Enquirer: 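One structure is given below, represented as structure tokens, and several questions about it will come after.
Letters A, B, ... mirror the listed sequences (proteins, then strands); counts begin at 1. Note that the structure is predicted; figures quoted are calculated from it, not measured.
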There are 2 protein chains.
Amino acid sequence: MTFKTLEWKNDQLFILDQTRLPLVESYIKCTTYQRVARAIKKMVIRGAPAIGVAAAFGMALGARQTKTRNPLFFRRELLKIANILTTTRPTAVNILWAVERMKRVAEENSKKGVPAVQEILLQEALRILKEDIQANRQMGKHGQILIPAGCSILTHCNAGALATAGYGTALGVIRAAAETGKRIHVFVDETRPFLQGSRLTAWELMKDRIPCTLIADNMAGALMAQGKIHLTIVGADRIAANGDVANKIGTYSLARLCHVHHIPFYVAAPTSTIDLSTKSGEKIPIEHRSPLEITRLQGRPIAPPGVKVLNPAFDVTPNRFIRAIITEKGIVAKPFKSGLKKIILPEN
Amino acid sequence: MTFKTLEWKNDQLFILDQTRLPLVESYIKCTTYQRVARAIKKMVIRGAPAIGVAAAFGMALGARQTKTRNPLFFRRELLKIANILTTTRPTAVNILWAVERMKRVAEENSKKGVPAVQEILLQEALRILKEDIQANRQMGKHGQILIPAGCSILTHCNAGALATAGYGTALGVIRAAAETGKRIHVFVDETRPFLQGSRLTAWELMKDRIPCTLIADNMAGALMAQGKIHLTIVGADRIAANGDVANKIGTYSLARLCHVHHIPFYVAAPTSTIDLSTKSGEKIPIEHRSPLEITRLQGRPIAPPGVKVLNPAFDVTPNRFIRAIITEKGIVAKPFKSGLKKIILPEN
């Protein structure tokens with residue numbers, strides 16, 4: 001990998017600006033939590049695990065911004081920062097997960113004084129980053145056994161190194177399969193409206209020399225009918241307790257199309273994406289984004305002025321259309337409800 | 001309608017340049033068949049019935065370009081022109097249909113001398129244009145009974161006035177329903193890669209004040225799951241004898257998604273789109289277009305340089321996923337094979 005999605009260096013967070021990819025590789029520098037929040041909101045950084053890690057650094061930066069030495073004022077400040085970071089994007093649960101973990105660490109160490117907690121929070125963010133990469137590697141190791149040699153894989157959106165701290169979830173599994181020497185080919189949905197597929201996934205796969213072909217989203221069904229797709233693998237923004245999966249808009253259609261064509265449909269995500277407190281998919285909040293994502297491209301209009309637009313960023317795929325969920329702790333098969341619970345709360 | 005898709009005026013063919021819509025309404029002037037052929041190929045004019053009509057005018061213009069008065073040389077010239085026009089775009093059968101009709105008229109009148117045949121061919125092209133509009137009006141009249149008041153309709157690509165000589169096929173049915181006073185709402189697939197939905201269909205519907213909402217193609221399935229789409233209606237580029245339908249890429253996915261959601265899926269097309277000589281869908285040639293349609297937008301790159309692309313312009317929907325085919329001669333129900341034959345060859 002010749003790039004880093006995000007990196008802590010010289011006491012600053014550097015975030016690869018994904019809105020400018022694949023044409024320009026540039027980094028934005030964040031020294032405040034406000035800057036991190038804006039980067040998440042504007043999708044400078046996106047992908048559920050990546051924005052989780054970014055939010056953790058947002059907490060660490062926010063903690064360092066506070067001038068107070070009073071633990072109570074510090075705690076109140078931290079809760080405010082947590083609130084701002086968690087409301088940037090509602091669907092991915094990873095931000096909540098990361099922010100809650102940071103809050104818990106702050107609580108647990110509150111007796112040590114503000115300066116110590118500030119340092120502990122930075123170390124925790126760095127740990128979250130490192131763990132995310134490790135989780136992806138593990139996911140790849142577990143998941144690659146599901147990828148037969150010589151197969152043709154469909155993926156949607158970007159669940160790659162760019163969607164995580166590195167290596168990727170769905171693309172991590174694909175990478176791991178390629179690393180074992182299996183000959184594979186990837187069809188990449190361009191993924192309207194934000195074009196994560198054409199701009200990010202194709203870019204990553206080409207960098208790794210994994211053979212890929214870019215298609216428009218609406219071509220996937222026809223390719224399935226022609227027998228050209230052997231399996232589909234995507235990431236997730238939130239997995240409910242029953243295994244329903246919120247992921248990039250268009251995922252639901254693909255899962256249904258896979259189902260009618262008897263093509264396995266897999267989801268790869270770290271356990272930080274699993275939300276046992278959300279019973280089923282219909283409870284997952286779905287972010288709606290600006291109509292401009294659909295009516296303009298690179299600032300130029302591509303639709304009639306004033307046209308009404310619907311732009312949900314995600315949809316929910318019911319568990320029955322998912323063959324298996326690949327996590328860093330192993331592959332979860334049906335029934336997902338007990339399988340996911342066991343993987344999250346192994347003591348039960 | 002405040003625009004004409006194509007118009008014969010002052011001995012010239014004017015074609016509305018659809019590549020510049022919806023931002024610029026401009027016409028290109030054609031005085032040669034070569035210009036018409038290029039306009040069809042570059043999709044300045046597109047839509048199966050519209051390019052059929054344009055090809056008829058191409059034949060008329062080509063006939064007028066020939067300097068010979070020798071009927072044999074004239075005939076040979078006409079066949080050459082026919083060949084150039086029919087190879088512009090392979091999937092829509094309407095070009096073949098119109099060119100064959102023009103050739104037959106030339107044959108039938110060959111005894112009258114070249115100048116007379118030249119005039120007869122022009123009159124025939126004008127007749128084809130007029131008949132196409134009438135056919136669309138009839139289609140609307142027949143088809144609108146399938147549109148319940150208060151319903152929400154999905155359409156893909158542009159099967160409107162812009163895809164025909166006027167009024168439209170699928171949009172003609174929608175227009176006719178709106179004209180009877182039924183309250184309806186249309187979801188418009190933007191239709192990647194050429195954006196016929198956002199650029200053309202949304203534009204037409206807004207001009208006619210028919211309420212519509214633009215969506216990305218990959219959103220349709222999620223809307224179906226939410227019960228927001230009550231029926232789907234699309235046009236066709238070629239209908240095989242068994243009722244399999246070639247239409248804009250993405251149509252197949254929609255038909256399958258409608259099927260699993262128990263949503264009626266209708267096709268509206270004039271009988272000139274029905275090709276009894278093609279037994280079934282797999283025999284229909286599918287045009288593949290330039291990768292640049294996917295990797296660039298308005299000339300600007302949106303994908304990594306050198307990425308491999310697949311860009312089939314059409315797909316085939318098997319007859320079993322189509323509820324009914326709406327033609328100017330009435331609604332054809334299953335079994336389509338006998339129904340289509342009866343409508344084309346009523347004498348049998």
Enquirer: Give, for atom CD of B/E204 and atom CG of B/L171, the distance between the pair rounded to the nearest 0.5 Å.
Expert: 5.5 Å
Enquirer: Using heavy-atom distances under 4.5 Å, tell me whether B/L310 contacts chain A through its side chain, its backbone, both, or neither.
Expert: both
Enquirer: Should the heavy atoms of other residues, nucleotides or ligands under 6.0 Å from NZ of B/K182 be counted, would the total exceed 12?
Expert: yes
Enquirer: At a heavy-atom distance under 4.5 Å, which candidate from A/P193, A/A225, A/P305 has the highest pair count against chain B?
Expert: A/A225
Enquirer: By a 4.5 Å heavy-atom criterion (distance strictly below it), what part of B/M206 contacts chain A: side chain, backbone, both, or neither?
Expert: side chain
Enquirer: Are a donor atom and an acceptor atom from the side chains of A/R46 and A/Q196 found within less than 3.5 Å of each other?
Expert: no
Enquirer: Does any backbone or side-chain atom of B/L205 lie under 4.5 Å from a heavy atom of chain A? Answer side chain, backbone, both or neither.
Expert: neither
Enquirer: Which of parallel (below 30°), tilted (30 to 60°) and perpendicular (above 60°) describes A/W203 and A/F3?
Expert: tilted
Enquirer: Heavy atom to heavy atom, less than 4.5 Å: which residues from residues 248-256 of chain B reach chain A?
Expert: B/I249, B/G250, B/Y252, B/S253, B/R256
Enquirer: With a 4.5 angstrom heavy-atom cut-off, which part of A/L23 approaches chain B: side chain, backbone, both or neither?
Expert: side chain
Enquirer: When rounded to the nearest 0.5 angstrom, what is the spacing between CZ in A/F187 and CD1 in A/I153?
Expert: 11.0 Å
Enquirer: Could you tell me which portion of A/H259 (side chain, backbone, both or neither) has an atom closer than 4.5 angstrom to a non-hydrogen atom of chain B?
Expert: neither
Enquirer: Could you check which of A/D315, A/V260, A/I215 has the highest count of heavy-atom pairs closer than 4.5 Å to chain B?
Expert: A/V260
Enquirer: With a 4.5 angstrom heavy-atom cut-off, which part of B/D217 approaches chain A: side chain, backbone, both or neither?
Expert: side chain
Enquirer: Does A/K207, at its NZ atom, have more than 12 non-hydrogen atoms belonging to other residues, nucleotides or ligands within less than 6.0 Å?
Expert: yes
Enquirer: Output the distance between atom CD1 (A/I229) and atom CG (A/L223), rounded to the nearest 0.5 Å.
Expert: 4.5 Å
Enquirer: Which region of B/P304, side chain (C-beta onward) or backbone (N, CA, C, O), has a non-hydrogen atom less than 4.5 Å from a non-hydrogen atom of chain A, or is it both or neither?
Expert: both
Enquirer: Which answer fits B/E190, side chain, backbone, both or neither, if we ask what part of it has an atom under 4.5 Å from a heavy atom of chain A?
Expert: side chain
Enquirer: Checking B/S280 against B/D244: is there a side-chain donor and acceptor pair closer than 3.5 Å?
Expert: no
Enquirer: Hey, which residues of residues 234-241 of chain B are touching chain A, say heavy atoms under 4.5 Å apart?
Expert: none
